[in-house]
*Asks:* 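One structure, pasted below without further comment.
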Amino acid sequence: MVDWLWSFSGSKETLGVALRTMSICTPMRKRLVGVLLIALFGMLLLACYPDNPQSTFDATGPVAQSQLDLFWMIFWAALVVFIVVEGVLVYTIIRYRRKSEDYDPPQTHGNTVLEISWTILPAIILAIVAVPTVTTIFDNANSPSLAGEPAIEVEAVGYQWWWEFKYDDPNNPGNEIVTANEMHIPVDTVVNVTLTSPNVLHSFWIPKIAGKVDVVPNNINKLWIKAEETGSFLGQCAEFCGVAHANMRFRVIVESSAEFDAWLASQDEPALEPVDPLAIEGKTIFEGNQAQCWTCHTVSGSAKAQGTVGPNLTHVGSRTHIASGIRVNDQKNLREWIADPDRVKPGNLMAATAKVYTEPTSKLTDAQVSALVRYLQGLK
Amino acid sequence: MTTLGIPIPKRPIHPTGVWDWLTTIDHKKIGVLYGVTAFFLFLTGGVEALWMRVQLMGPEADFVTPEVYNQLFTMHATTMIFLGVMPMGAAFFNFLIPLQIGARDVAFPRLNAFSYWTFLAGALILKFSWFMGGAPNAGWFGYAPITGIEYNPGNGIDFWILSLQVLGIASLAAALNFIVTIINMRAPGMSLMRMPLFTWMSFVTAFLLILAFPVITVALIELMFDRFYGTNFFVTSAGANPLLWQHLFWVFGHPEVYILILPAMGIVSEILPTFSKKPLFGYPVIVLSGVVIGFMGWMVWAHHMFTVGLGPVANSVFAVTTMAIAIPTGVKIFSWIGTMWGGSISFKTPMMFAIGFIALFIIGGLSGVMHSSAASDAQQQDTYFIVAHIHYVLFGGAIFAIFGGIYYWFPKMTGKFLGEKLGQLNFWLMFIGMNVTFFPMHFLGLDGMPRRVYTYSEGMGWDYWNLVATVGSVVLALGVLVFLHNFFKTLISGEEAPGDPWDGRTLEWSIPSPPPHYNFVQIPTVSDIDDWWHRKREDDSSLAPVAGSSEDEHDIHLPDPSYWPLVTAVGLFIGAYGLLYTLNIGTFTGFPLFAIVGGSITLVGITAWSLEPVNEPDSDH
Amino acid sequence: MAQAELAHGGHEEHQTTTGLSHKKLLMWAFLGSDCMFFGSLIATYLVYKNRSLGGPLPEDVFDILTTSTSTFVLLMSSMSMVLAYSALTRGNMNGFRIWLLSTCIMGATFLGFQVFEFNEFVNHEVHFECSHLEDLTKFERTFADRCDGTVDEVFIEHAGLTPRTNLFGTTFFVLTGFHGGHVTLGVIWLLAMFFYSLRKGGITPAKHEEVDLAALYWHFVDIVWIIIFTVIYLFGVFPGF
């Protein structure tokens with residue numbers, strides 16, 4: 001149904017043809033109304049063009065698709081109700097506009113048949129809407145893995161203001177593979193996501209893959225997702241969680257099963273040891289007492305860097321984005337981020353708590369920033 | 001009264017000027033105070049909204065900092081709901097209910113004055129927060145635990161809590177007063193099923209108020225104790241469940257939605273019959289559907305929580321109850337159209353706003369049904385789609401009805417017509433501005449734009465419609481400016497209005513404009529719905545409003561003005577701040593001097609109030 | 001809150017639509033509102049029941065016998081309130097004063113019990129013998145490891161329950177504290193009425209409604225306590241709830 005809709009109005013050509021067709025076969029006044037209506041309708045549909053990175057109209061996967069189907073169903077029902085009721089409203093006020101000041105219209109007080117029917121009719125429409133609603137609620141609540149479909153498990157943890165993703169280590173049961181802000185999943189596979197938060201509320205939402213589920217401290221929420229296309233899908237925290245809420249983004253990277261396995265294996269490796277001198281210096285700074293990066297960040301393989309307050313940086317160089325998905329991971333951005341994180345992502349806790357940003361005397365020099373950038377970029 | 005030998009300052013008898021307004025217990029003057037104050041606060045909320053629209057005009061703007069943006073959306077919503085729409089409703093309750101039921105005042109006139117002054121105190125506590133270290137920043141819903149001291153150490157949340165508590169006292173007092181007034185002070189013959197629709201909807205609203213406000217009061221007490229005294233209600237490290245706040249908040253919050261919209265529906269139900277020259281179509285059904293909405297408003301709160309993980313069973317139940325509440329709402333809309341059908345419709349400004357209300361409320365109602373479907377709501381919850389919905393029901397709904405009500409009853413309140421040409425301009429600017437502002441938000445939401453974000457990146461596809469929305473908000477603001485111009489112009493040189501300027505149907509139109517302080521020379525006897533209409537049609541000689549002769553006036557005894565409601569409210573104002581600001585005096589650390597001073601003033605106020613007779617025995621009658 | 005404020009004023013218009021006085025209606029509506037207030041507090045308590053991360057818990061601190069006594073006193077105060085009102089309507093002013101005063105005294109006694117109880121909870125101590133570890137409550141068992149063979153008994157002085165201790169302390173003290181506040185207000189109201197009745201013409205059988213309102217409030221506060229006693233105390237200590 002959706003595809004049909006876009007093919008109808010998705011391009012200017014079809015819209016133009018439709019308009020011309022209208023203009024040939026209708027008289028002047030009606031034609032104008034028709035043109036306006038179609039233009040309006042076309043505009044409305046174009047307004048929600050599914051190309052947008054977080055458009056809910058471009059569902060990939062059964063969860064988002066079921067939600068979209070439900071949306072369209074209710075939308076069409078609502079559109080019919082809208083046209084009928086607003087139409088009757090407009091008709092009424094035109095037809096019964098005051099023509100004479102002295103005229104008192106008949107003082108009718110009601111009409112039982114009419115009143116009963118306009119109580120029952122909406123009830124029927126709503127009952128029709130309620131049935132697929134309830135079935136979809138249950139479908140989306142119960143993961144297919146309950147019925148035996150193979151699934152992988154991911155834990156998503158909401159922090160202020162970034163996401164952590166934890167995978168079971170296939171090579172080392174009981175161990176966890178930890179990454180941040182980019183969740184890799186295999187295509188066409190059920191993924192059960194467990195949502196937790198050690199701080200405030202968040203909401204986990206990847207519009208093209210699944211509607212949101214809130215992340216609530218002291219409550220464990222679950223959702224299941226399944227992506228049917230490979231690619232990178234944007235997600236965003238949807239529950240107000242504080243000053244940098246707008247910048248709490250993340251990505252879901254859907255890849256083939258083989259790519260996913262390779263990725264997971266690479267994440268399981270300890271961090272690469274730096275080789276070039278600048279990167280080695282960067283590591284020294286990272287683990288030094290001036291910058292103290294290690295108190296908050298983990299780089300597995302390092303004896304010192306085992307902090308868990310900030311994102312795990314073991315393979316930060318392999319991520320496509322930094323600062324919870326708001327900047328591309330390149331040298332320039334990484335530099336800006338380390339030099340002045342508050343400018344890139346206002347309110348973030350690193351800028352608010354790390355000594356190098358709060359105490360002017362501890363400020364990092366340009367050379368130190370360069371070294372850190374080189375080191376972090378090398379953590380592939 | 002000197003029975004206890006306590007010297008009490010002499011009671012204000014016939015005060016003038018400022019003292020008249022400070023000590024008045026006349027429901028009409030209190031209504032005006034409510035209306036003017038609420039409108040001013042509505043403007044401040046509008047400025048906050050415009051500020052946000054400027055920030056969101058384009059991607060990655062830095063007109064305001066994220067912290068200030070968070071304060072803006074928190075203050076905008078809190079202001080509009082608690083300081084704008086609710087007290088504007090209260091303004092109409094005050095002015096109209098006694099007039100519509102044929103009474104000379106409310107049941108407890110001094111309690112009524114107290115409600116107003118307490119409301120003002122609460123409003124000031126909230127609004128002053130901008131200048132006292134920062135406004136609240138956690139949303140009008142204040143979801144735990146971000147309101148906790150651990151995540152929010154500033155005083156903003158404290159101002160928010162204290163302000164809402166004080167406002168709660170004001171609302172509770174007002175609602176109790178109106179319940180008693182409506183039950184007990186109806187004119188002879190004014191049975192419940194002959195009451196004007198506005199009074200009916202206010203009656204339902206008052207019940208919702210007295211039952212819903214205690215719930216938010218408890219939630220706020222719990223939050224306040226957490227912040228002030230270290231209890232654990234919402235402290236997650238002690239095992240607290242943040243969902244407790246959400247449940248308490250929405251058990252209050254959903255009836256609150258109907259507290260906002262039912263009076264608006266009442267106003268529209270008054271305007272439509274008058275300008276269609278027809279009685280309300282299906283009066284009993286409209287009354288019943290209002291009552292049903294009031295009841296069902298308690299069964300749908302968790303639809304605000306579809307995504308928090310209540311489980312499929314709870315979500316299904318609340319989805320179905322939420323859909324069900326659309327039925328009585330639909331019945332109202334159909335009945336309003338039925339009222340106009342076959343009528344003789346005049347398009348004066350009040351009617352334009354009433355028709356605008358219906359047209360826009362339909363859209364808000366339909367998008368409401370869209371997110372009642374819990375599964376598809378998972379894509380809509382906390383996005384701009386919801387922002388669009390609430391503005392269609394609360395701006396297109398409540399605010400349009402309130403503007404219609406102002407145009408409709410302004411002649412009654414002041415004896416002057418608001419300018420009709422400016423009124424039409426006002427309507428069209430607001431109607432167009434409202435749609436241009438809020439309709440694109442549907443698109444933004446479905447395109448994945450979450451609410452409460454101070455910025456968004458380029459390339460999300462949100463730039464265009466955000467720009468359109470901002471342009472629309474300017475048009476909307478122009479509409480409000482036109483209203484202000486109209487208002488002041490009318491006060492200076494408005495056209496004189498007679499007692500019954502619109503060929504009205506209810507009792508308030510049977511008396512002169514503005515009404516005398518005693519309202520009715522003789523309490524009318526009612527024999528029908530739309531009694532005044534019928535009296536006019538049956539006997540032409542009674543068409544002229546009944547004016548009071550001085551002889552009659554002399555026999556009417558009304559309660560005298562009083563200082564004590566104001567004193568009591570001032571005490572609450574000081575006391576609320578006092579809970580925040582403590583002094584260190586010698587060994588007493590954190591000595592709550594101001595709280596004690598404020599509490600004492602309140603106590604003195606209440607005591608003197610209860611010892612004061614309704615009428616001074618030696619006053620001049 | 002205030003004296004009768006019949007806005008109709010005048011001489012012949014004192015009757016109201018329903019025949020009930022404004023104040024009576026006000027009181028009923030207010031009590032309806034207050035039901036929601038206590039309902040929310042009790043709901044909070046129940047939501048957090050058994051969710052405290054540590055002790056002390058109800059079974060550690062509750063003493064059903066003491067609280068039953070104070071509950072009985074409060075219930076009896078309701079009865080004496082009825083007798084006071086009935087004496088007033090019969091014109092027996094002395095009987096009215098006696099019963100009213102005894103209501104105040106019983107109310108104050110209840111408050112005394114509550115202060116005593118709060119004090120006990122705050123100063124709760126854990127004391128057990130290492131030979132009887134099987135009888136310990138869940139909270140006491142957290143100290144069982146102190147029986148390492150070198151001591152015969154364990155005595156922990158500071159194991160009190162305050163509103164900050166755990167979720168039980170928070171919800172318990174705030175709920176019962178607000179109820180105590182209501183009782184205090186009631187006692188002040190009744191005392192004021194008692195002293196007022198000593199003045200000539202202060203309270204007369206014709207003004208029985210003033211007393212009726214206070215009585216309504218008093219009974220309401222008692223009923224709330226019955227619910228609190230059942231739900232919090234009895235359900236708190238007896239297993240199976």
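We name chains A, B, ... by the order of the sequence lines, and we start the count at 1 in each one. All values reported here derive from a predicted model rather than from experimental measurement.
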*Asks:* Heavy-atom pairs under 4.5 Å with chain B: which of A:Leu114, A:Thr119, A:Ile125 has the most?
*Replies:*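 Of A:Leu114, A:Thr119, A:Ile125, A:Thr119 has the most heavy-atom pairs under 4.5 Å with chain B.
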*Asks:* Would B:Met370 and A:Phe75 satisfy side chain to side chain contact (heavy atoms under 4.5 Å, CB included), going step by step from the backbone distance to the final call?
*Replies:* CA-CA 7 Å; B:Met370 284 183 174; A:Phe75 173 78; 3.6 Å; yes
*Asks:* Would you confirm whether A:Arg98, through its side chain, and B:Phe275, through its main-chain N or O, come within 3.5 Å as a donor-acceptor pair?
*Replies:*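 Yes, the answer is positive, given that a donor and an acceptor are paired below the 3.5 Å cut-off.
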*Asks:* Please look at B:Leu280 and chain A and tell me whether the side chain, the backbone, both or neither of the residue comes under 4.5 angstrom of a heavy atom of that chain.
*Replies:*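 Answer is backbone: N, CA, C or O of B:Leu280 sit under 4.5 Å from chain A.
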*Asks:* What part of B:Phe306 lies closer than 4.5 angstrom to a heavy atom of chain A: side chain, backbone, both or neither?
*Replies:*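 Neither part.
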*Asks:* For B:Gln246, which atoms come within 4.5 Å of any heavy atom of chain A: side chain, backbone, both, or neither?
*Replies:*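 Side chain only.
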*Asks:* Under a 4.5 Å heavy-atom cut-off, does chain B meet the side chain of A:Ala141, its backbone, both or neither?
*Replies:*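 Side chain only.
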*Asks:* For the CD1 atom of A:Ile137 and the CG atom of B:Asn315, what is their distance to the nearest 0.5 Å?
*Replies:*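 Rounded to the nearest 0.5 Å, the CD1-CG separation comes to 5.5 Å.
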*Asks:* Considering only heavy atoms, which portion of A:Pro198 lies under 4.5 Å from any heavy atom of chain B: side chain, backbone, both, or neither?
*Replies:*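 Backbone only.
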*Asks:* Between A:Thr108, A:Asn140, A:Thr136, A:Leu223, who has the most heavy-atom pairs with chain B when the cutoff is under 4.5 Å?
*Replies:*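 So the answer, after comparing A:Thr108, A:Asn140, A:Thr136, A:Leu223, is A:Thr108.
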*Asks:* What are the two closest non-hydrogen atoms of A:Gln160 and B:Ile146, and how far apart are they?
*Replies:*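 Scanning both residues, the minimum pair turns out to be NE2-CD1, 4.4 Å.
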*Asks:* So which part of B:Trp336 gets closer than 4.5 Å to some heavy atom of chain A, the side chain, the backbone, both or neither?
*Replies:*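 When you check distances to chain A, no heavy atom of B:Trp336 falls under 4.5 Å.
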*Asks:* Using a 6.0 Å cut-off, check whether atom CZ of A:Phe138 has over 12 heavy atoms from anything other than its own residue.
*Replies:*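 It does: A:Phe138 CZ has more than 12 such atoms within range.
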*Asks:* Can you tell which of A:Val215, A:Asp104, A:Val134 has the highest number of heavy-atom pairs within less than 4.5 Å of chain B?
*Replies:*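 Among A:Val215, A:Asp104, A:Val134, the one with the most close pairs to chain B is A:Asp104.
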*Asks:* What heavy-atom pair brings A:Ser55 and B:Asp447 nearest, and what distance separates the two atoms?
*Replies:*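 Looking at all heavy atoms of both residues, the closest pair is OG-OD1, 3.5 Å.
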*Asks:* Can you check whether A:Val243's main-chain N or O pairs, donor with acceptor, with B:Glu67's side chain at less than 3.5 Å?
*Replies:*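 It does not hold such a pair.
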*Asks:* Under 4.5 Å from any heavy atom of chain B, what part of A:Asn199 do you find: side chain, backbone, both or neither?
*Replies:*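 Both backbone and side chain of A:Asn199 come within 4.5 Å of chain B.
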*Asks:* Grab the two heavy atoms, one from A:Pro346 and one from B:Pro66, that are nearest each other, plus how far apart they are.
*Replies:*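 For A:Pro346 versus B:Pro66, the nearest heavy atoms are CB-CG, 3.5 Å.
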*Asks:* Which region of A:Ile220, side chain (C-beta onward) or backbone (N, CA, C, O), has a non-hydrogen atom less than 4.5 Å from a non-hydrogen atom of chain B, or is it both or neither?
*Replies:*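 For A:Ile220, no heavy atom lies under 4.5 Å from chain B.
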*Asks:* Going by an N to O cut-off under 4.0 Å, is there a salt bridge joining B:Asp382 and A:Lys212?
*Replies:*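 So B:Asp382 does not pair with A:Lys212 through a salt bridge.
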*Asks:* Decide side chain to side chain contact (heavy atoms under 4.5 Å, CB included) for A:Leu89 and B:Met340; before the verdict, give the C-alpha distance in whole Å, the side-chain angles of both, and the deciding distance to 0.1 Å.
*Replies:* CA-CA 9 Å; A:Leu89 174 67; B:Met340 291 188 283; 3.4 Å; yes
*Asks:* Where do A:Asn221 and B:Val308 come nearest, in terms of heavy atoms and distance?
*Replies:*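 Taking A:Asn221 first and B:Val308 second, the nearest heavy atoms are ND2-O, 2.9 Å.
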*Asks:* Between the side chain of B:Lys277 and the main-chain N/O of A:Glu101, is any donor-acceptor distance below 3.5 Å?
*Replies:*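 Looks like yes, one N/O pair under 3.5 Å.
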*Asks:* Tell me, side chain or backbone of B:Gln380 under 4.5 Å from chain A's heavy atoms, or both, or neither?
*Replies:*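 Both parts, heavy atoms under 4.5 Å.
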*Asks:* Select one option (side chain, backbone, both, neither) describing which atoms of A:Ala127 are under 4.5 Å from chain B's heavy atoms.
*Replies:*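 Neither part.
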*Asks:* Report yes if the side chains of B:Ser373 and A:Met73 come closer than 4.5 Å at any heavy-atom pair, otherwise no.
*Replies:*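 No - every pair of side-chain heavy atoms lies 4.5 Å or more apart.
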*Asks:* Please check if the side chain of B:Lys278 supplies one atom and the backbone of A:Pro105 the other of a donor-acceptor pair under 3.5 Å.
*Replies:*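 No, B:Lys278 side chain to A:Pro105 backbone: no donor-acceptor pair under 3.5 Å.
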*Asks:* With a 4.5 angstrom heavy-atom cut-off, is it the side chain or the backbone of A:Gln107 that approaches chain B, or both, or neither?
*Replies:*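 When you check distances to chain B, atoms from both the backbone and side chain of A:Gln107 fall under 4.5 Å.
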*Asks:* Whether the side chain of A:Asn52 engages the backbone of B:Trp462 through a donor-acceptor N/O pair (distance < 3.5 Å, no angle test) should be reported.
*Replies:*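 No, because the side chain of A:Asn52 does not come within donor-acceptor range (under 3.5 Å) of the backbone of B:Trp462.
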*Asks:* For the residue pair A:Thr133 and B:Ala374, what are the closest heavy atoms and their distance?
*Replies:*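 Nearest pair, atom of A:Thr133 first, then B:Ala374: CG2-N, 3.8 Å.
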*Asks:* Please determine, among A:Val81, A:Ile326, A:Asn111, the option with the most heavy-atom pairs under 4.5 Å with chain B.
*Replies:*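 Of the options given, most contacts go to A:Asn111.
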*Asks:* In terms of heavy-atom proximity below 4.5 Å to chain B, should A:Ser100 be classed as side chain, backbone, both, or neither?
*Replies:*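 Backbone only.
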*Asks:* At a heavy-atom separation under 4.5 Å, does B:Asn137 approach chain A through its side chain, its backbone, both, or neither?
*Replies:*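 When you check distances to chain A, only backbone atoms of B:Asn137 fall under 4.5 Å.
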*Asks:* Would you please test A:Val213 and B:Thr307 for side chain to side chain contact (heavy atoms under 4.5 Å, CB included) and show each step?
*Replies:* CA-CA 5 Å; A:Val213 174; B:Thr307 60; 5.6 Å; no
*Asks:* Below 4.5 Å from any heavy atom of chain A, which atoms of B:Tyr456 appear? Answer side chain, backbone, both or neither.
*Replies:*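 Nothing of B:Tyr456, per the 4.5 Å heavy-atom cut-off to chain A.
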*Asks:* Which atoms of B:Tyr283 are under 4.5 Å from chain A, going by heavy atoms: the side chain, the backbone, both sets, or neither?
*Replies:*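 Answer is backbone: N, CA, C or O of B:Tyr283 sit under 4.5 Å from chain A.
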*Asks:* Are A:Leu79 and B:Leu366 side-chain neighbours, meaning at least one heavy-atom pair lies under 4.5 Å?
*Replies:*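 A side-chain contact under 4.5 Å is absent here.
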*Asks:* Kindly state whether the ring of B:Phe281 and the ring of A:Trp118 have centres lying under 6.0 angstrom apart.
*Replies:*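 Centroid distance B:Phe281-A:Trp118: below 6.0 Å, so yes.
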*Asks:* Quick one: what part of B:Val320 sits under 4.5 Å from any heavy atom of chain A, side chain, backbone, both or neither?
*Replies:*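 Just the side chain, heavy atoms under 4.5 Å.
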*Asks:* Any idea which of A:Ala77, A:Pro122, A:Ala238, A:Pro132 has the most non-hydrogen atom pairs under 4.5 angstrom with chain B?
*Replies:*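 With the most close heavy-atom pairs to chain B, the winner is A:Ala238.
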*Asks:* Test B:Asp377 against A:Gln67 for side chain to side chain contact (heavy atoms under 4.5 Å, CB included), laying out the working first.
*Replies:* CA-CA 8 Å; B:Asp377 179 61; A:Gln67 290 160 340; over 6 Å; no
*Asks:* Tell me whether A:Asn218 contacts the main-chain N or O of B:Thr236 through its side chain, where contact means a donor paired with an acceptor under 3.5 Å.
*Replies:*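 Side chain of A:Asn218 to backbone of B:Thr236, a donor-acceptor pair under 3.5 Å: yes, one is there.
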*Asks:* Give, as side chain, backbone, both or neither, the part of A:Asp58 having an atom under 4.5 angstrom from any heavy atom of chain B.
*Replies:*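 The answer is neither part of A:Asp58.
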*Asks:* Below 4.5 Å from any heavy atom of chain B, which atoms of A:Glu115 appear? Answer side chain, backbone, both or neither.
*Replies:*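 Interface part for A:Glu115: side chain.
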*Asks:* For B:Thr383, is it the side chain, the backbone, both or neither that has a heavy atom under 4.5 Å from a heavy atom of chain A?
*Replies:*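 Interface part for B:Thr383: side chain.
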*Asks:* So do B:Asn70 and A:His245 actually touch side chain to side chain, heavy atoms under 4.5 Å?
*Replies:*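 Heavy-atom side-chain distance check fails, nothing below 4.5 Å.
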*Asks:* Please walk me through it: do B:Ser346 and A:Arg97 pass side chain to side chain donor-acceptor pair (under 3.5 Å)?
*Replies:* CA-CA 6 Å; B:Ser346 147; A:Arg97 65 190 182 279; over 6 Å; no
*Asks:* Does the pair B:Gln379 and A:Trp205 meet the rule for a side chain to side chain donor-acceptor pair (under 3.5 Å), with working shown?
*Replies:* CA-CA 8 Å; B:Gln379 292 283 23; A:Trp205 185 33; 2.8 Å; yes
*Asks:* Any idea which heavy atoms bring A:Pro217 and B:Pro242 closest together, and the distance?
*Replies:*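 Scanning both residues completely, I find the closest heavy atoms to be O-CD, 3.3 Å.
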*Asks:* Heavy-atom cut-off 4.5 Å, strictly under: side chain, backbone, both or neither for B:Val313 against chain A?
*Replies:*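 Looking at B:Val313, backbone and side chain both touch chain A.
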*Asks:* Angle class for the B:Phe141/A:Phe240 ring planes (parallel below 30°, perpendicular above 60°, tilted otherwise)?
*Replies:*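 Ring orientation of B:Phe141 relative to A:Phe240: perpendicular.
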*Asks:* Once rounded to the nearest 0.5 Å, what's the spacing between atom CH2 of B:Trp341 and atom OG1 of A:Thr92?
*Replies:*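 Atom-to-atom, B:Trp341:CH2 and A:Thr92:OG1 are 5.0 Å apart.
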*Asks:* Given heavy-atom pairs under 4.5 angstrom as the criterion, report whether the side chain, backbone, both or neither of B:Val331 touches chain A.
*Replies:*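 When you check distances to chain A, atoms from both the backbone and side chain of B:Val331 fall under 4.5 Å.
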*Asks:* Whether the side chain of A:Gln54 engages the backbone of B:Gly448 through a donor-acceptor N/O pair (distance < 3.5 Å, no angle test) should be reported.
*Replies:*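 Yes: the side chain of A:Gln54 pairs with the backbone of B:Gly448.
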*Asks:* Please classify the contact of B:Ala319 with chain A as side chain, backbone, both or neither, using a heavy-atom distance under 4.5 Å.
*Replies:*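 Contact with chain A: side chain only.
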